[in-house]
Amino acid sequence: MSRLKPLVIILAIVVLILGAGGVYYVNGLGAVDPDNSEEISVTVPQGSGASSIVEILDDQGLIKNKTVAKVQARIGRYSSLQANTYIFSKSMSFTEIMKAINTGDFNYISKQSFEMKEGYRLAQNAELLAKEIPFSSKEILAKWSDEKYLRELIDKYWFLTEDILNKDVMYPLEGYLAPNTYFITDSNPSIEGVTEMMLDQMDKKLTERKDAIEATGFTVNEFLSLASIVCKEGGSNESEAPHIAGVFMNRLEKGISLGSDVTVCYIFQEDRVDLNTAQLSSDNPYNTRKFTGLTPGPICAVPTVDMDAVINYEDTDDLFFYAGPDGTVYYAKDQAGHSKNIKEHPWTKEDLAR
């Protein structure tokens, strides 16, 4: 027994040391301040290894014990560390932070958002985007009109064709950037990056409808042009879109001009009801009051509801429609009926001033 006693003591000491070491190690991986949830932005550059990330986190005050963190970085099997800008806090443990970086956890990625609004013209949406990325709307529109860049996009996306380079087209990418809310996760966003994000989304929407679009007999540019006109004419009254599309289909088939005021508004980059005589007589090819057929290109960001309205347009005998001041749409089969609708539901100066 006397010989075993020293061994027991030694074993006890080893266990205590290992236990204390384990506590020290686990504690060193813990949160710097469990009660501090203040957000801290951390940028992990491309190609960063686990060891260099420890240095970055330590500089931001997110490491409780740098030595322990270095050891964990070596043995933690962090094999797919994702470069990005993250939002962490001192209430997170080292292992939580490293897991987020290793998986590129979207919940921790720094996110700026911008909206490409349905029915907005490209110039309007460029102004919204300019508030979220370090470029002016003028710079954004210049990039979106740069022929070299546009040709690169044509090579990449099946739905972009030489149609967008038509000299009569006012804004080449008008109608091709899918309306949606987008998140920017890049700490240094580029115009090209956000543009392709929107085109990727449009790719999905159009690919889902590719066969249906081909069945209409329209090119993609023609399809989006008509859908954009339906969008602007219908406004927020989405239920009327298939009927409006049906009226336009009838007019196209009969070789009658679309007679759409919203296309004239597009020429002057404005939205109004009281267009003047000079505007209505414009020689611009977007003037469907004067010229038959479709516009050279779309006139706004096109939502899927209006794409589907063109694909599944309502079979109707109507050739005219008129939106009254309360938003109600009135249809007619001939000019006499159309004139009657206008007379019975006139716009007043008060309506126009709203």
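For clarity, every value in this text was computed on a predicted model and none was experimentally measured.
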Nearest heavy-atom approach of E233 to D261 is OE2-N, 3.8 Å

Output yes when a side-chain donor or acceptor of R251 lies under 3.5 Å from a complementary backbone atom of L319, and no otherwise. yes

Taking the side chain as C-beta and beyond, is there a heavy-atom pair between W158 and T207 under 4.5 Å? yes

Do L165 and E162 come within less than 4.5 Å of each other through their side chains, counting heavy atoms only? yes

Do the ring planes of F114 and Y182 sit parallel (below 30°), tilted (30 to 60°) or perpendicular (above 60°)? parallel

Has K111 got more than 12 heavy atoms of other residues, nucleotides or ligands less than 6.0 Å from its NZ? yes

For L199 and L153, run side chain to side chain contact (heavy atoms under 4.5 Å, CB included): C-alpha distance rounded to whole Å, both residues' side-chain angles, the deciding distance at 0.1 Å, then the answer. CA-CA 9 Å; L199 287 172; L153 294 177; 3.9 Å; yes

Does the separation of the ring centres of Y86 and Y108 fall below 6.0 angstrom? no

Given E147 and R151, is the salt bridge (charged side-chain N to carboxylate O under 4.0 Å, His left out) satisfied, shown in steps? CA-CA 6 Å; E147 185 173 343; R151 289 193 178 280; 3.1 Å; yes

Lys/Arg-Asp/Glu bridge criterion (N-O < 4.0 Å) met for E139, K143: no

Do you see a donor-acceptor pair shorter than 3.5 Å between the side chains of S91 and S37? no

Tell me whether Y330 is reachable from V247 by hopping between hydrophobic residues (I, L, V, M, F, W, Y) whose side-chain heavy atoms are closer than 4.5 Å. no

Any side-chain heavy-atom pair from I164 and L160 closer than 4.5 angstrom? yes

Heavy-atom count check: over 12 atoms from other residues, nucleotides or ligands less than 6.0 Å from Q46 CD? no

Look at atom CG of D315 and say whether more than 12 heavy atoms of other residues, nucleotides or ligands are closer to it than 6.0 Å. no

Exam field: side chain D334 to backbone G337, donor-acceptor pair closer than 3.5 Å: yes

Rounded distance [0.5 Å steps], CE in M197 versus CD in Q201: 10.5 Å

Start with the C-alpha gap between S51 and E55, add the side-chain angles, then the distance that decides, and say whether side chain to side chain contact (heavy atoms under 4.5 Å, CB included) holds. CA-CA 7 Å; S51 183; E55 297 292 344; 5.5 Å; no

Trace of the side chain to side chain contact (heavy atoms under 4.5 Å, CB included) decision for F94 with I97: CA-CA 5 Å; F94 177 74; I97 292 173; 5.5 Å; no

I need the minimum non-hydrogen distance between V329 and E240, along with the two atoms involved. CG2-CG, 3.9 Å

Main-chain N/O of G324 paired to T328 side chain as donor or acceptor, under 3.5 Å: no

Do the side chain of R272 and the main chain of D274 share a donor and acceptor less than 3.5 angstrom apart? yes

The reported gap from OH in Y171 to CD in Q269 (rounded to nearest 0.5 angstrom) is 4.5 Å

Side-chain donor/acceptor of N284 to backbone N/O of N287, under 3.5 Å: no

Of all the heavy-atom pairs spanning N221 and P298, show the shortest one and how long it is. OD1-CD, 3.7 Å

Could you tell me the separation between the NZ atom of K333 and the CG atom of D318, rounded to the nearest 0.5 Å? 4.5 Å

Please examine the side chains of N65 and N27, heavy atoms only from C-beta on, and report whether any two atoms are closer than 4.5 Å. no

Taking only Lys NZ, Arg NE, NH1 and NH2, and the carboxylate oxygens of Asp or Glu, determine whether D35 and K90 approach each other closer than 4.0 Å. no

Before giving the answer on side chain to side chain donor-acceptor pair (under 3.5 Å), spell out for N237 and S239 the whole-Å C-alpha distance, their side-chain angles and the decisive distance to 0.1 Å. CA-CA 6 Å; N237 202 344; S239 63; 3.1 Å; yes

Atom OG1 of T295 and atom CD1 of I229: how far apart are they, to the nearest 0.5 Å? 4.0 Å

Taking a hydrophobic cluster as the set of Ile, Leu, Val, Met, Phe, Trp and Tyr residues connected by side-chain heavy atoms closer than 4.5 Å, whether directly or through intermediates, do Y157 and L122 fall within one such cluster? yes

Side-chain heavy-atom pair T216, L226 within 4.5 angstrom cut-off: no

Using only atom types and a distance under 3.5 Å, with no angle test, would you say the side chain of T263 pairs donor to acceptor with the backbone of T288? yes

Side-chain (T304) to main-chain (M307) donor-acceptor, under 3.5 angstrom: no

Hey, do the aromatic rings of F321 and H243 have their centres closer than 6.0 Å? no

Is the shortest distance from a Lys or Arg side-chain nitrogen in E115 or K131 to a carboxylate oxygen in the other one below 4.0 Å? no

Please answer whether the main-chain N or O of T219 pairs with a side-chain N or O of E222 as donor and acceptor at a distance below 3.5 Å. yes

Closest non-hydrogen atom pair between N107 and D105, with its separation: N-OD1, 2.9 Å

Applying a strict under-4.5 Å side-chain criterion to I, L, V, M, F, W and Y, I'd like to know whether F106 and I87 cluster together. no

Any donor-acceptor pair under 3.5 Å linking the side chain of E344 with the backbone of N341? no

Check ion pair K148-D146 (N to O, under 4.0 angstrom): no

Any side-chain heavy atom of V220 within less than 4.5 Å of one from K210? no

Is there a continuous path of hydrophobic side-chain contacts, each under 4.5 Å between heavy atoms, that joins L57 to Y78? yes

With clusters defined by side-chain heavy atoms of hydrophobic residues (ILVMFWY) lying less than 4.5 Å apart, directly or transitively, does I40 cluster with I53? yes

Any sub-3.5 Å donor-acceptor pair from S48's side-chain atoms to V44's backbone N or O? no

How close do K64 and A31 get, heavy atom to heavy atom, and via which atoms? CD-O, 3.6 Å

Return the minimal non-hydrogen interatomic distance between Y266 and M170, and the atom names on each side. CE2-SD, 3.5 Å

Working to the nearest 0.5 angstrom, can you tell me the gap between S225 OG and F218 CZ? 9.5 Å

Approximate separation, where rounding is to 0.5 Å, of D200 CG and K205 NZ: 12.5 Å

Taking atom CD of E39 as the centre, report whether more than 12 heavy atoms of other residues, nucleotides or ligands fall under 6.0 Å from it. no

Report yes if the distance between the aromatic ring centroids of Y322 and H345 is under 6.0 Å, otherwise no. no

Side chains of L177 and N125: does their closest heavy-atom pair fall under 4.5 Å? no

Could you tell me whether the side chain of V194 reaches within less than 4.5 Å of the side chain of L129, counting heavy atoms only? yes

Derivation of the side chain to side chain contact (heavy atoms under 4.5 Å, CB included) call for Q279 and N276: CA-CA 5 Å; Q279 290 175 316; N276 59 49; 3.2 Å; yes

